[in-house]
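Written out below as structure tokens is the structure these notes cover.
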Amino acid sequence: MSTMTLDIEPFDLEQTLDGGQAFRWHLSGDGSYCGVLESCVARVASDGLQVIVSCDSGGELLSETRERAEDYLQAGTDVDVVRRVLGSEPGFGESVTESPLVRVMRQEPWECLAAFICSQNSNIPRIKQMVAAVARLGRRIGEDEWAYEFPEPGVIAEVGEAYLRSVGLGYRAKHLSLTAQVVAGWGGGALASLRTVSYSDAKDALMELQGVGPKVADCVLAYSLDKGEAFPIDVHVRRAAIRLYDLDEDVKDDMVGEWARDRFGKFAAWAQLYMFRDEINRRLTS
DNA sequence: TCTACGCCTTACCT
DNA sequence: AAGGTAAGGCGTA
């Protein structure tokens, strides 16, 4: 077990790790979050001054483990720029400047894609359950019941739709099964290579896949493929955008996306996270 | 092409 | 306890 402090500003662990961009982090009693980083069982904690990551990576070099954690948490993001760009936005600007940041992370693309295929027409508890069931197809790397490497697409393709249905994916079983087949055929690294093409081309490529529409594609682009201009639009974000910026009630989602890219540029994904969270909180408190 | 609408599963809530 | 809701996408008309 290696423990390290990251040179990264303390952030909102709950909202970032467990707020709906990733689905495999578990809150433990001391306020830290446990989960899996590739083939490493990890714990992320914060004391308000620094971020502490503990990793059980089986004798791997500390420097590599650190690099992986910093990559996942996007330690290189200049959060001062985020504050400058989004800090004065109506409605959510204050939560950008006055509370711990919710960070856009950088997940492994296949796990991210599979998770968001599961996410459609569902809610976070259910998504977590589905993703956990899929994850159990991977290699076990620890004692905890969630400690599995996320399975390669070929593994998921092999178990087939019926199995995925039997563990609760419902009609999403077909989508994940077919998409796993296609992605397995692409070969390793093909998904990640979408990081090097334009937002628009990468989105088109993703939307060829079964179960991947504009929303799911944007989630994968934003949370795993470095596309800061992705702006995943669901009912909540749509409602928030219309209310905060006085957009037309029946504006098309495509238009909202273009509007967001125009206004927020490479920080659209960050803006979406804040708008989503604030809209959820607003509904809960009213 | 473009839009509208019914349908698909099920955990979790009231 | 029954019924509505939930971070959508697909197929058809």
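Throughout, protein chains are lettered first and strands after them, A, B, ... in sequence-line order, and every chain is numbered starting at 1. This one's a predicted model, so the numbers in the text were calculated from it and none came from an experiment.
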- Indicate yes or no: does A:Arg84 engage A:Asp78 in a salt bridge with an N to O separation below 4.0 Å. no
- 5′-ward residue of the pair A:His175/A:Asn123 relative to DNA chain C: A:Asn123
- Between P of C:dT5 and CD1 of A:Ile280, the distance in whole Å: 15 Å
- Item | C:dA2 versus B:dT9 - spacing of their P atoms, nearest Å | 22 Å
- Query: How far does the C1' atom of C:dA7 sit from the matching atom of B:dA4, given to the nearest Å?
  - Reply: 22 Å
- Between the main-chain N or O of A:Met105 and the side-chain N or O of A:Gln21, is there a donor-acceptor pair closer than 3.5 Å? yes
- Qualifying residues under side chain to side chain contact (heavy atoms under 4.5 Å, CB included), relative to A:Val182, sequence neighbours excluded: A:Trp186, A:Leu209
- Task: Measure from CD on A:Gln120 to P on C:dA7 and round the result to the nearest Å.
- Result: 13 Å
- Counting just side-chain N and O atoms, does A:Arg126 come under 4.0 Å of either OP1 or OP2 of B:dT9? no
- Just the dot-bracket of DNA chain C, please: which string comes out with Watson-Crick or G-U pairs under 3.5 Å, [ ] for crossing, | for another strand? .|||||.||||||
- Message: Between A:Arg172 and A:Gly211 (side chain of the first, backbone of the second, donor and acceptor by atom type, cut-off under 3.5 Å), is there such a pair?
- Response: no
- Carboxylate-amine/guanidinium contact A:Asp278 A:Arg243, below 4.0 Å: no
Under 3.5 Å, sequence neighbours excluded: what are the donor-acceptor pairs made by side chains of residues 138-151 of chain A?
{"residue": "A:Arg139", "atom": "NE", "partner": "A:Glu149", "partner atom": "OE1", "Å": "2.7"}
{"residue": "A:Arg139", "atom": "NH2", "partner": "A:Glu149", "partner atom": "OE1", "Å": "3.1"}
{"residue": "A:Arg140", "atom": "NE", "partner": "A:Gly142", "partner atom": "O", "Å": "3.1"}
{"residue": "A:Arg140", "atom": "NH1", "partner": "A:Tyr148", "partner atom": "OH", "Å": "3.4"}
{"residue": "A:Arg140", "atom": "NH2", "partner": "A:Glu143", "partner atom": "O", "Å": "2.9"}
{"residue": "A:Arg140", "atom": "NH2", "partner": "A:Asp144", "partner atom": "O", "Å": "3.3"}

- Task: Identify whether the glycosidic angle of C:dA7 places it syn (within 90° of 0) or anti.
- Result: syn
